[in-house]
Structures are given as structure tokens and as C-alpha cells.
Number of protein chains: 2
Amino acid sequence: MVARYERIADELRSEIIAGAHPVGSQLPSEAELAGRFGAARGTVRQAMAVLAAEGLVGSRQGARRIVLGRTRSQSFAELHSFAQWARANGYRFGGQVITSRRRPASGAESARLASEEVLEVLRLRSLEDEPVLLERTVYAGWVAPAVERLPAGCESVTEALYESIGLVFAYGEHLIDAVPAGTRDAGLLGVRRGSPLLRQRRVTTTHEGRPVESSDDRYRAGSVAFSIRNSIGANPLVRQAGDLRLGPREHMFES
Amino acid sequence: MVARYERIADELRSEIIAGAHPVGSQLPSEAELAGRFGAARGTVRQAMAVLAAEGLVGSRQGARRIVLGRTRSQSFAELHSFAQWARANGYRFGGQVITSRRRPASGAESARLASEEVLEVLRLRSLEDEPVLLERTVYAGWVAPAVERLPAGCESVTEALYESIGLVFAYGEHLIDAVPAGTRDAGLLGVRRGSPLLRQRRVTTTHEGRPVESSDDRYRAGSVAFSIRNSIGANPLVRQAGDLRLGPREHMFES
DNA sequence: AAGTGGTCTAGACCACATG
DNA sequence: ATGTGGTCTAGACCACTTA
């Protein structure tokens, strides 16, 4: 059952991508669209909120909505699964577990994951047959058994955990910065020591807010980039900062 | 005039931050909140959308909303102004123009900025008396005169342009990755050549979708981090990717 | 002055979660 | 079975942009 506002958003998105509404042009008014789609104005507004969140259109009180762009793609929601992202974009990808061991949680980890014992897994993932990502993931104790049962060459941990124990990675918090490659990072990723890596630290929770994992992912420079769109005013697209630990002289930009 | 849903969101946010609704706990139902605030359910839902976008609460059909976090801060919307971000967070900051010159637009620039002649400005910005950011900004021809009139030590270009010509940087698109410092970058930022820099490329437009500037900002590693929250399902927090050029073997994660 | 998006109401029905 | 959030309607008023 697809919601009506989703279908309206889909149709308008298609029109924008097809060029029926060029970038910079005005969209029809909400009243016109409501008439055209036989929907209430509120439903049309819900559809427009979707397009605004995608960065396709912008709005301001009193003036018609404007087309801001015509590119469309996967959502950041898939970001916590490397495999799903790579597959959706048609890339060849692979991965292998380097090490996997249980150990007591550090102070910060036990606070973040609400867990005394954790499972630390180091995975190396490749894109188009080149190593691009080193994933150092720490799982909360309650998911450790399910993770250990996974085959070593498991393509998508996210999907496998959903199928085995119905686990959904619902919310995530991400901290993105740049770090130099350490000796081990450099060896595994095939770069020189000290060369730039794009680091993404994240904490993931279930729908209920229960912490699942905390991860430190490092990408070889030049292999991936993160994309964000923002706007001021209009929709409350405001997001918010995290409680991952920062260095003493490190500051944070928030999204 | 503050909207009712904003006041409701403010009050619930305060309660969450104060600990009245601990992380992991359920919020009152929409009906209860509607009764408490004397508002319609739709208004309460609008308030909840604000909190969800801030990453404070999560929701799923059929179950009560859950508190996901209790940290609150500035929005990503301020990200396009280094000065505003630094001031809001109470940091000492400064900046100076290194070079400023007009030149013909390259092919990519004329497409991005819809402009044949551009103004390129190189600025070095400091935080807590240390150089942290090298900003290489290319302005569209139509804003060049206003930018050139700014004093060299101008703290906030964004604010100054708003006051001088009423210009609002309304929408932005950002691409974030890591790059090694070049010789010049290294000298200005006081780091070794080849050391990691966090790069943020962006294109900014007005409310009307008119391109204003395109910028390549490089932060010293360890000085700043970007923070993002995401969720699946529920609200359409989905955003979307850009048309900034990527390298031949570079891929993109989108938000 | 007219048109447009932003806010708000009061109701309805449905899909889903939970006991 | 009950309660919850998700969707949708039909109308109203206001703030703002535009001409």
C-alpha cells in the first residue's frame, strides 16, 4: 500500500528529472496540484515535503516553490550498509573478516552500547576489486552471538542480521572527519602510512533506541565522498550533534 | 510570531534535555499531548516532526514515540558560515584574505555558477588562534562587486553580504571527502605536505535557485568533524546527491 | 489587491504494535 | 481488542511575495 502523497511525490520527481520543470522554474501552486491529483492540499504539502527533503525543491512563504535540482539517488538511510549501497549503485564489491574477538567493553563503549562485554570485528571491504574501506566495528553483547554465527564472507551484515534475528538498524549517528593512515591501516588498504583517510564513526540503534553497534570506518581518500544538502528556513531539516568523543582540540560541525 | 508547533517542540525538547523523558523511554501519545497543549493532533505531529528531524525522538507506526537522545545544538543550516558557527559555539576565530582576483570561468564553473567571469578568493581562517581552514571560494560574476567591497578583515562574509545587498545563502549542496595537503595548503595551514585535510566542496544558491558561489574548503585534520543523524522509515529525512564533479574512481555516499 | 505558502483545526479511517 | 501513529480530508486564517 503506497501512500497517496508518495505517489504524488514520485510523479512530480519524475517530471523534474525528465525536465518538464527545469531547474530554477516555479512549480504549480499547491491548489493547482491538489486539483490535478484530486487530493487535499495537505496531502500535496506532504508530497512537497518529501521533495524538499530530497533537495529537489525549495520554498518560501508567499512565493511559489522553485526547482533546485534534478538529481535523484539513494538515501543516506542506506549508508549504514556498505553492501546495500554498493549493490544499489551497481558496483562490484567484496569483503572479508580480518579479526573477530570478544573482549570487555572500555568505559566509553559500555556507556555507548550499554554492554559490559563486546565483540570487536575488523573487516576489509573492496569496491571494484580495490580495497577501500576498513571497518572496525564493536557490537553490543546481546548481538555478539548472532554476528559470530555469520559466515566469514558474509556480504551484508545488515541484511544477514535482519534475516537471522529480525534486527533492524533503525537510527544512526555519524561523525565524519579525516585522519592519517596508521601502519596497519596503510598495509591493509594499500596506501602509504600517514596518507589521508576519510573516517566515519557511527553508533547505531534499533527502533526502540537500543544500541547495537559502534563503528570506526576508514575509507581510502579518493574512493568515496559524502554528500549533504541543506536549506535555511522553510522545513525544519535541522538535525543534531552527537556524543561520540572528540579530541581535545577538535570541534564539530553539525547536521 | 512563533508558531504553536514550535513552542510545543521547544517545551518537549526542554523536558527531554532536562531528563524528564529519559533516553529510551516512551513519550506521551499524540492525543495526550494534544490535550495537554490544547492543540489539534496535527499541530502536535508537526512539533514531533521537528524533534524527529533533530534526532531527539524516533517513531514507528503503532508504537509510542521513543526518546533517542538528549543533546541539542546548532543546525547544519549555519554550516555555510564559518563565523556564525564559531560565534554560536563560543570559539575565538579570525580570518584574512590571501588572494582575490577576477578571472574567466572554467567550463565546469560557468555551468555551476551560470556566469562567464568569476571572482576567486582565497581565505585563511583560524579557530582559537590556530589556522584551521583554507577557503577557496569562487563567486558568480553578479556578486563579485559586492564581495570586493568587503573589508579585508571581514569576519562573516555571509552576514556582510546580507547587510550590503540583502543576499541570503538559502540552499547549499556539500560534498565531503579527505585529501592530502598540497605544498601551498601545507604552508598556510602549518601542517606537513601530504597530511590529511577534511575537504568540503559546496555550491550555494539564493532562495530563487540562483547560484552564488562554489567553494573548496579544507580543514586541518583533527580540528573539525561533521555530524549527521539519520533514520530509516518514518519521516522522509532522505536527502540527495549532487552534481559536483567526482574523480574517475571516486564514489559517493549520499545524504 | 490577489495569490501563495505556512499554520491550525476537527474530524475520519487505516495499518501496525502490544497485551 | 485496544491504542498508537500514519494518512487524508475540507475548511479556515494569516504572513508574505508579487505585481
Requested in this report: Taking only Lys NZ, Arg NE, NH1 and NH2, and the carboxylate oxygens of Asp or Glu, determine whether B:Arg136 and B:Asp217 approach each other closer than 4.0 Å.
Outcome: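 No salt bridge links B:Arg136 with B:Asp217.
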
Query raised in the report: Is the closest basic N to carboxylate O distance between B:Glu15 and B:Arg36 below 4.0 Å?
Result: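 Here B:Glu15 pairs with B:Arg36 in a salt bridge, since their nearest N and O are under 4.0 Å apart.
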
Atom pair distance, as rounded to whole Å: [atom1] in [X] and [atom2] in [N]:
| X | N | atom1 | atom2 | answer |
| --- | --- | --- | --- | --- |
| A:Arg65 | C:dG3 | CZ | C1' | 14 Å |
| A:Gln46 | D:dG5 | CD | C1' | 12 Å |
| A:Met48 | C:dT4 | CE | C1' | 12 Å |
| A:Arg4 | C:dC13 | CZ | P | 16 Å |
| A:Gln26 | C:dT4 | CD | P | 9 Å |
| A:Ile66 | D:dT17 | CD1 | C1' | 11 Å |
| B:Glu6 | C:dG6 | CD | P | 13 Å |

Query raised in the report: Which residues pass the side chain to side chain contact (heavy atoms under 4.5 Å, CB included) test with B:Ala105, sequence neighbours left out?
Result: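 So B:Ala105 forms a side chain to side chain contact (heavy atoms under 4.5 Å, CB included) with B:Glu109, B:Ser110, B:Val118.
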
Requested in this report: Could you pull out all residues at least two apart from B:Thr137 that satisfy side chain to side chain contact (heavy atoms under 4.5 Å, CB included)?
Outcome: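 Testing B:Thr137 for side chain to side chain contact (heavy atoms under 4.5 Å, CB included), a comparison that skips the adjacent residues, returns B:Arg123, B:Glu135, B:Tyr139, B:Glu213, B:Ser215.
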
Query raised in the report: Under a 4.5 Å cut-off applied to non-hydrogen side-chain atoms, are A:Leu12 and A:Met48 in contact?
Result: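 Touching, per the 4.5 Å side-chain cut-off.
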
Report task. Compare the minimum distances between each of C:dT7, D:dC8, C:dG5 and the side chain of A:Ser29, then state the nucleotide with the smallest one. Result ->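 Shortest atom-to-atom distance from the side chain points to C:dG5.
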
Query raised in the report: Between C:dG6, C:dT9, C:dT4, which nucleotide gets closest to the side-chain atoms of A:Glu30?
Result: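 Ranking C:dG6, C:dT9, C:dT4 by closest atom to the A:Glu30 side chain puts C:dG6 first.
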
Requested in this report: Measure the CD-CD1 distance between A:Gln200 and A:Ile176 for me, rounded to the nearest 0.5 Å.
Outcome: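 Result: 5.5 Å between the selected atoms.
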
Requested in this report: Using the closest heavy atom to pick a nucleotide of DNA chain D for each, name whichever of A:Ala3 or B:Pro28 lands nearer the 5' end.
Outcome: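 Counting from the 5' end, the first nearest nucleotide belongs to B:Pro28.
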
**Report entry** Residues which pass salt bridge (charged side-chain N to carboxylate O under 4.0 Å, His left out) with A:Glu116, listed by chain and number, not counting sequence neighbours
**Finding:**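 In terms of salt bridge (charged side-chain N to carboxylate O under 4.0 Å, His left out), with neighbours along the sequence ignored, A:Glu116 is linked to no residue.
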
Query raised in the report: With ring centroids as reference points, do B:Phe93 and B:Trp85 lie under 6.0 angstrom apart?
Result: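 No; B:Trp85 has its ring centre 6.0 Å or more from that of B:Phe93.
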
Query - Residues within residues 32-45 of chain A bordering DNA chain D, heavy-atom distance below 4.0 Å - result: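 Listed by number, they are A:Gly38, A:Ala39, A:Ala40, A:Arg41, A:Thr43.
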
Grab the N/O contacts between the protein and nucleotides 15-19 of chain C below 3.5 Å, and write none if there aren't any.
unit_1, atom_1, unit_2, atom_2, d
C:dC16, O4', B:Gln61, OE1, 3.1
C:dT18, OP1, B:Arg60, NH2, 3.3

Per-pair distances, 0.1 Å, donor-acceptor, side chain in residues 161-169 of chain A, under 3.5 Å, sequence neighbours excluded:
unit_1, atom_1, unit_2, atom_2, d
A:Ser164, OG, A:Ala160, O, 3.1

